[in-house]
Each structure stands twice: as C-alpha cells, then as structure tokens.
Amino acid sequence: MSRKRERREQRWQGVAASDGLAAGRVLRVHSGARQSIYRIKLEANEVEREVRRYRAAVRLSRRQLLALKKRAERALGDEHAYIFDAHLLMLEDRKLNEDVEAVIRSERVGSEWAVKVVTDRLLAVYEEIKDDYLRERSSDIEDVTRRLLIALSGESMHGRHLTEDAVIVAEELMPSTIAELDFKHIKAVATDVGGWTSHTAIIARGLGIPAVVGLRDFYRAARTGDTIIIDARTGEVVLHPAPATFEHYSAERPTGAEASARATASEDLRKPLRTRDGVEVTLRANVELPVEYEWVNRYGARGIGLFRSEFLLSHRGALPDEEEQCAAYEELARIAGHEGVAVRVFDLGGDKATATRLDAGEERNPALGLRAIRFCLQREDVLRPQVRAVLRAAARGRVDLVLPMISDITDVRRARRVVEEERARLKEEGREVGRVRVGAMIEVPSAVLVAEKLAREVDFFSLGTNDLVQYTLAVDRGNDEVAGWFRSLHPAVLQSVRRALDAARGAGIPAIVCGEMAASPAYAAVLVGLGARELSMAPTSIPRVRRTIAGLEEKEVAGLARECLDCATADDVEEIVRVRLGGRWPNLFPPETLPPPKSRG
Ligand code: PEP
Ligand code: MG
C-alpha cells in the first residue's frame, strides 16, 4: 500500500518570521501537545498488520525507556531512575496491551485511536481516585500514552539527535518543546501555524535563526532527512530543491545570529543611550531560553525587562518546583545585576497551551479562555510556589513580578493578596524575602481603558504589544490567514499605547514596552515618539534598535507620532511612517525596515 513519495522540488509559501537563509535537512519534531487523533477505519485484512504495528511501537517505546533509564542512572543514581520502572511496567502490562489489541480488532480501527480509547478509560478511573498520590500517577499514563503515539508516528521525541544542519519542521512549537531543543545545532525552523508574534517567531528572531511560519500543511509533506531550503526573507520554503535551486541559493550570503553579533563588536553598548536631542531611552532584554542568558550582558541590556517563565516548563508540561524556580530566578537576577529581572508569572493557556498535565482541555476560544493570570488565580497550587520562589530570590537580587493578561483590577488585587500572604508565611518559616515590585501587563483593551486607575494599584506597567494588537483588533496572532489584519501601526493600537504611557507617567510609575514592536527600528521610533522611555526586546535586537534611537531626534518622532495618532487607518499610518522616517533618516531606515508601499487599487 506504500505510495512512492514525491521527490520533485516543491515550493511552499509561509509568513517570514525572522531574517536569513538556510539549507539543511528536515528534522520533524512532534509538538507533543494538541495531537489530533483520528479514527481510521481498517479493512478486515489490515487488522492483523495493525496489531503488529502496535506491538512494534510498544517495543520501540520500551527500548527508548530502557536507554533513558540507563542514562538517568548514570547521571543521577539509581534512586532517580525508578520513575522509568513505572513507565516500563505499564508498557509491559498484559491487560493494557490486550485491551488495545482488542479495540483494534473489534472496532477495526488504527492503533492510535485504540491507544487513546484504552488510556482515556484508564485516566477516567484515576480521576475518581481520592488519594492525591495515586491520582498524580495519572501523569505517568499520559506520558506513556504520548510516548506510544509518538512511536506510532515514527517521530523523534525531542529531536535530541540533532545533526549540524537540522531544520526543525513542526506543526507548532510549544514553549516546553522549544525549551528542550538544542538550538546550537538548529539551522532553521518551519512550522504549519503561527504569525509574526507567535512564540516560534519570537524565539527564532531572538536566536537569529531563519524561520518561516504559517505553512499550513507542510509538516505532513516533509519527512525527516529531506533536503530543504528556508528563505526567511521572503517566507519561501523549498522542499527537495533541484540542483539549480541549490546553486542559486548558495550564491547568496548566509545571514543570522552571527552576522548581527559581528556587527556589534565595535559599539560601546555600556554607555547610556540618548537620542540626538538628549532624551534617554533604556533598552532591556526579553529572555526565554538559557542560551540567551549570557547575551543579556553581551548586547548591553540594562537588566531583564521580561522573563517569560513558562519556558521553564519541561517537554511533558511538568512545572519546576519552588526550589528549581528559586534557583532559576536567582541566576537571572545575578545576570541582570542591579537593574534586575521582571519575572512574569506563567502565561499558560491560549496559544501557549502546553502539554497534557496543565492543559485545561480543549477550549473553544483559548485566546479568550483560561489563560495567564486567570489560569494562575484558578490554580493557586501553581501560583503560590512561583510567588514564593520570586520572593525568596528577591532576597538575593532584584526580582520583580509581572501579571499577564490583566483585564480587571480585581485580578491585580487577588494576585497581590497572594503575594502578601506568601510573604507573611515565608517570614513565619524564618526565610529571607526581598522587596518585590508588582507590575501589570497592559495587553487587553479593558486594561487600557482603566489604565489611570490601574496605575495606582501597581508598581509598573509592562506593555505587551503582541497581545494588545491581537485583542484590540480581534486578530489571532498565530493565525496566518489573518496575518494581513495584524497591524501593529493601527491608530487604535497607537492610541492605546499612548494612553497607557500617559497613565503611567501621571501616576509616577515606570512603563516598559516589551512586545515585538519594540524590537523593530521603525516601530521603536514611533514608540519613542509616543513617549516610551523603556523598551525590552530579544538581546540580539538591541544593537540595531540602539543605533536607530541614537541617530534620531525625539522632537521629530514625537511630531510623527502625533500625526499617526490623527490617522484613520493603519494604511495611512504606515504611509506616513515610511515616507517620514525613510526620507529623514534613509541610513537609519533602509527600505526593508519600513512598511512596504501599498499598491493602491
Ligand atoms: C506581548 O503580548 O506583547 C508580550 C510581551 O508577551 P507574549 O508575547 O509572551 O504574550
Ligand atoms: Mg502577551
């Protein structure tokens, strides 16, 4: 039944999420979460072959577990390797395997479906169990299920065996998957879903890795080992490139992280940054992955303006405990120095849904669902250890706390109450705690509309323009089909930014802009014009934004911002920005950094 695979050159168009060009070999990576499992009906003569396929997947999973166990024994000692025994026992469980095979035979369905039916039944039984410890064991079942499903799909679990020229191809990369990939060996990334501000895009830009997202059905077309070219300048992906195509691309210069790193060597990144007319602007770092930690100082960031703590989750969605978090935050505070680190509480849910254990199940409308602060307030067992870890780490360095997706001041008050309760409890326990400033992310229109009142309840604002655009314009930031409606320069977005900045200034609190807008030279210029004095971005973006801001005059960009605020449409704003910035400072704003001219029809 095997069909011969198409090897002819195929061209795919997606959304360019970062710059650069790369050629390499596909490494398909399973996202691990949100896997769709279909009920595939089999012909009578296919059933026994399916049973054999299931048994082979069990054998493969077993081999993987044994190898993992050995590795864990070597690295951590026997007592830590027992966890794999539980998984091995489950895989070897006669009843489980007989049940799966019985479903395949009686319902004549594919193995994936049969595994899901049987393990769902098992999980339902565990849900009923009163004993906390036993109920917790359900995560073992989920883990083994996931392993089996991945073995059935023939994929690598984390893409651990990366070759030097690996191009990651995935349906979607979850923060927990990204956190486990070794980006040193990754040449490029291509995903089926995503837009300019999706996580894959943010991470790839931060690491200087070429990335194309929003490729729809590409994951199904590519196979591990296929040759591939990723042109992140145009959003084009070429699978099985013909020799002539290869030649055409190899004539071009590779770009990416090293190129931008080299360009910064001579600059004095330590000096305060001022516009030509003397207005000081502070640039901080957005940090997600450990590889970026050392870049905070290399690129001259003044502290860490945003640490997206959800990147601490492991691939299986397990949360780090209080001790692990405390160690991580202390390390970040050490790197950040006296400027400190702003730790955002886990922003889970929405497009950041993560693997099984924390998944609140399928939501109809996840971006409007149990995400970020809502999830944390609902799951105090998640929030409280994080707050404790931040309070403890703050005794050793400057650590602040950021509350994401605030839509109502009540959420701030509830979270602050948790902070105070945990502070008191830690003191009772005789532990040292430090001062922690609490800030609100401004990324939902309702927060903008009550910004003046909200500013009196927090110590600082953190403007998340990625979500502010998404929620103000009602446009899914991860959906390439509506990428054309994702307009960061929409007058409504600019009005919101202006109002939030004014409210912060009125209340005498700092405001930092940490969405992707801050990392783009033209947008950063508009933000400075709107009154932003602190911007936070991927460390690798700092040199370019620094050069831009140092070369412009605040008075002029303030005038430009006023004109933009008066516009009726995003098109009008883009046109003004393109003409004014490109005309006044052509060396600071080469055409590729400006909105493209609209073809008027
Ligand atoms: C934002 O929304 O702009 C932001 C900074 O946070 P995230 O991209 O993680 O949602
Ligand atoms: Mg956000």
Side-chain angles (χ1 to χ4, degrees), residues 17-18 172-176 178-179 193-206 211 213 283-289 292 301 304-313 341-354 366-376 400-407 411 439-448 460-479 486-490 493-494 496-497 500-501 511-520 523-524 527 532 534-539 541:
S18 65
E172 181 172 18
L173 284 176
M174 298 286 166
S176 50
I178 292 170
V193 299
W196 189 63
T197 62
S198 62
H199 274 105
T200 312
I202 292 173
I203 296 294
R205 268 198 300 280
V213 298
L283 304 186
R284 307 193 195 279
N286 288 352
V287 168
E288 290 85 31
L289 302 172
E292 295 170 303
I304 298 172
L306 175 69
F307 174 59
R308 290 180 163 101
S309 67
E310 56 277 12
F311 281 83
L312 291 174
L313 263 71
V341 50
V343 174
R344 184 174 68 185
V345 300
F346 296 123
D347 189 348
L348 297 166
D351 67 321
K352 314 186 184 186
T354 182
L368 306 183
L370 195 63
R371 184 188 153 186
I373 192 69
R374 300 171 184 175
F375 174 84
C376 291
D400 295 333
L401 197 63
V402 192
L403 310 174
M405 209 190 167
I406 292 298
S407 58
D411 290 342
M441 295 287 296
I442 306 293
E443 49 186 356
V444 176
S446 60
V448 174
F460 62 96
F461 276 177
S462 180
L463 274 67
T465 55
N466 307 333
D467 279 312
L468 191 58
V469 176
Q470 156 162 275
Y471 293 125
T472 303
L473 306 182
V475 53
D476 183 345
R477 61 191 269 188
N479 180 351
F486 194 95
R487 307 288 286 274
S488 300
L489 291 179
H490 192 292
V493 174
L494 303 186
S496 302
V497 170
L501 293 173
I512 181 164
V513 184
C514 59
E516 288 304 288
M517 276 181 84
S520 139
Y523 295 170
L527 289 168
E534 292 187 35
L535 305 176
S536 194
M537 62 202 72
S541 297

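Each ligand, and each atom within it, is numbered from 1 in the order the structure gives.
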Show which atoms of ligand 1 fall inside a sub-4.0 Å distance from at least one heavy-atom site of [X].
| X | value |
| --- | --- |
| Arg477 | 2 (O), 7 (P), 8 (O), 10 (O) |
| Asp467 | 1 (C), 2 (O), 3 (O), 10 (O) |
| Cys514 | 5 (C) |
| Arg371 | 10 (O) |
| Glu443 | 1 (C), 2 (O) |

Would Ile373 and Ile406 count as a side-chain contact (heavy atoms from CB on, under 4.5 Å) here? Give the steps.
CA-CA 7 Å; Ile373 192 69; Ile406 292 298; 4.1 Å; yes
I need the contact type for [X] against ligand 1. Using non-hydrogen atoms and a strict under-4.0 Å cut-off, is it side chain, backbone, both or neither?
| X | answer |
| --- | --- |
| Glu288 | neither |
| Ile202 | side chain |
| Glu516 | neither |
| Arg344 | side chain |
| Met405 | neither |

Main-chain N/O of Ala17 paired with Arg205 side-chain donor or acceptor, under 3.5 Å:
yes
Under a 3.5 Å distance rule, please check whether Thr472 uses its side chain to pair with a backbone N or O of Val469 as donor and acceptor.
no
Contacts of type salt bridge (charged side-chain N to carboxylate O under 4.0 Å, His left out), residue Arg487, not counting sequence neighbours
Asp571, Glu574
Angle subtended at the Mg ion (ligand 2) by Glu443 OE1 and Asp467 OD2, rounded to 10 degrees:
90°
Ion pair check, Asp467 and Arg371, cut-off under 4.0 Å
yes
Could you check whether Arg308 pairs with Asp347 (Lys NZ or Arg NE/NH1/NH2 to Asp/Glu carboxylate O, under 4.0 Å)?
no
Measure the distances from the heavy atoms of Thr197 to every atom of ligand 1 and state whether one is below 4.0 angstrom.
no
Under a heavy-atom criterion of less than 4.0 Å, does Met517 contact ligand 1?
no
Who are the side chain to side chain donor-acceptor pair (under 3.5 Å) partners of Glu292, not counting sequence neighbours?
none
Which value, rounded to the nearest 0.5 Å, describes the distance between Met405 atom CE and Met441 atom CE?
11.0 Å
Test salt bridge (Lys or Arg N to Asp or Glu O under 4.0 Å) on Arg374 and Asp411; report intermediate values, then the result.
CA-CA 8 Å; Arg374 300 171 184 175; Asp411 290 342; 5.2 Å; no
